[in-house]
Amino acid sequence: MPRKGTRNAQGGGTIRQRKDGRWEARYTVGRDPGTGKQVQKSVYGKTQAEVRKKLQAATVSIDAGMYIEPAKLSVGQWCDIWLKEYTAHIKPSTKTSYEIHVKNHIKPNLGMVKLQALTAHAVQGFVNALEAVDGSGKGLSPKTVKNVHGVLHKALEQARQIGYISHNPAGGTKLPRWTRPEIKPLEYDMVAKFMEAIKGHQFERVYLIDLFTGLRRSEILGLTWDCIDFDNGTIYVYRQLQRLRKAYSFAPLKNDRPRLITPAPDVMQVLREQKVKQMEWRLMAGQVWQPWQDENLIFTNEIGGHLCDQTVYNHFKQIMADLGLPQTRLHDLRHTYAVMSLQAGDDVKTVQEHLGHHTAAFTLDQYGHITERMRKESADRMQALIDGIKGKS
């Protein structure tokens with residue numbers, strides 16, 4: 001039997017079941033400026049839970065001063081609401097990238113389209129235009145197109161979940177093919193040349209830590225001395241130093257999983273040398289020494305401030321250009337560490353943990369061609385052993 005009357009709903013408004021069996025929620029969106037009377041709207045659904053979800057979405061927007069009647073809501077307006085109300089749980093750097101994609105691509109192309117009128121065909125046309133399938137050569141890379149579409153899909157999926165649209169029109173989009181770029185680790189002879197080239201360089205120890213631990217640049221620059229256990233020879237990695245626009249701040253790790261690594265003894269020696277050098281800087285600076293945010297960073301400038309990630313990168317690019325490898329990226333030092341570890345006989349699980357990958361499967365996928373070569377070399381060694389045994393029989 002249908003329920004009679006109304007009841008208070010979580011977040012305000014009232015919910016009731018109509019005689020036809022459907023559920024209705026009524027809420028106030030303001031007052032008519034002419035009569036002063038309350039203006040009320042209704043949302044409907046097949047179940048009480050469905051209606052309550054729609055009601056909550058509406059009242060949150062009203063409280064934030066962002067309410068627009070769903071039928072009149074544009075894609076651009078919804079993206080603004082979504083960024084403000086539904087992305088508080090994501091990392092600041094991720095939210096910044098979402099905001100950039102919305103501002104630079106989604107709103108200029110789809111912003112004026114009514115949310116409820118957006119079609120799958122329109123989304124496909126949007127993606128095709130981003131990719132510049134007309135052959136103009138002015139389009140975005142397949143990876144960037146995929147990222148922009150991902151942001152749009154997330155925003156539309158949230159709209160679907162709260163009942164603003166019946167389905168996600170970005171769900172069936174055909175995206176441009178994207179293949180992971182081939183990793184380009186340094187060969188052993190180039191590792192030796194690189195180590196010779198950075199001797200005495202202001203960022204020598206930063207580069208050495210990168211090369212022989214596989215830590216990300218942001219993780220290295222975010223290390224503090226309390227992360228280092230010289231007695232046990234370990235490094236505890238639990239956060240990274242990130243730059244958002246022009247401001248630096250600590251942020252969680254990429255996969256939110258702190259890790260304890262045990263690097264080679266030479267790596268710990270590099271850290272000892274850094275500690276000595278930093279103490280010399282501190283004595284020379286005296287009262288000028290100003291630790292950034294009172295943090296005891298390992299890698300600082302001569303007066304205790306954090307290092308600029310772009311400056312570290314630019315110096316690396318110049319070093320590699322001088323060595324005849326201008327296309328080498330700083331991230332390739334991380335790849336070099338992974339390859340050297342695998343070739344040295346480390347198991348994939350150990351390499352995964354040092355790199356901070358979410359799973360060993362990802363590590364295998366990333367460096368599959370290396371492990372495949374290692375398996376072939378192992379088979380060749382076994383065949384040589386078999387041949388030797390046969391020769392003695």
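Everything quoted here is computed from the prediction, not taken from an experiment.
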Mind telling me whether His101 and His105 have parallel, tilted or perpendicular rings, with 30° and 60° as the class edges?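 His105 vs His101 ring planes: tilted.
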
Does the plane of the ring in His306 sit parallel, tilted or perpendicular to the ring in Tyr248? Use 30° and 60° as the thresholds.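 Geometry flag for Tyr248 against His306: tilted rings.
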
Verify the cluster assignment for Leu260 and Leu253: are they in a single hydrophobic cluster under the rule of side-chain heavy atoms below 4.5 Å apart?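 Result: no, two separate clusters.
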
Take Met320 and Leu186 through the side chain to side chain contact (heavy atoms under 4.5 Å, CB included) test and state the conclusion after the steps. CA-CA 11 Å; Met320 299 313 295; Leu186 301 179; 4.1 Å; yes

With side-chain hydrogen bond (donor to acceptor under 3.5 Å, both in side chains) as the test, pick out the partner of Ser42 among Arg26, Arg16, Lys54.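 Testing each of Arg26, Arg16, Lys54 against Ser42, the sole residue satisfying side-chain hydrogen bond (donor to acceptor under 3.5 Å, both in side chains) is Arg26.
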
Is a donor from one side chain sitting under 3.5 angstrom from an acceptor on the other, for [X] and [Y]?
| X | Y | result |
| --- | --- | --- |
| Thr173 | His149 | yes |
| Lys53 | Gln56 | no |
| His201 | Tyr207 | no |
| Tyr188 | Gln343 | yes |
| Gln240 | Ser218 | yes |
| Gln318 | Asn314 | no |
| Thr224 | Glu295 | no |

Residues forming a side-chain contact (heavy atoms from CB on, under 4.5 Å) with Met112, sequence neighbours excluded: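 Here no residue qualifies.
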
Residue list, side-chain contact (heavy atoms from CB on, under 4.5 Å) with His121, at least two apart or on another chain: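 His121 satisfies side-chain contact (heavy atoms from CB on, under 4.5 Å) with Thr119 once adjacent residues are dropped.
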
Does atom NZ of Lys193 have more than 12 heavy-atom neighbours from other groups under 6.0 Å away?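 Check fails, neighbour count at 12 or below.
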
Measure centre to centre between the rings of Phe250 and Tyr238, then say whether the value is under 6.0 Å.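 Judged by ring-centre distance (under 6.0 Å), Phe250 and Tyr238 do not meet the cut-off.
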
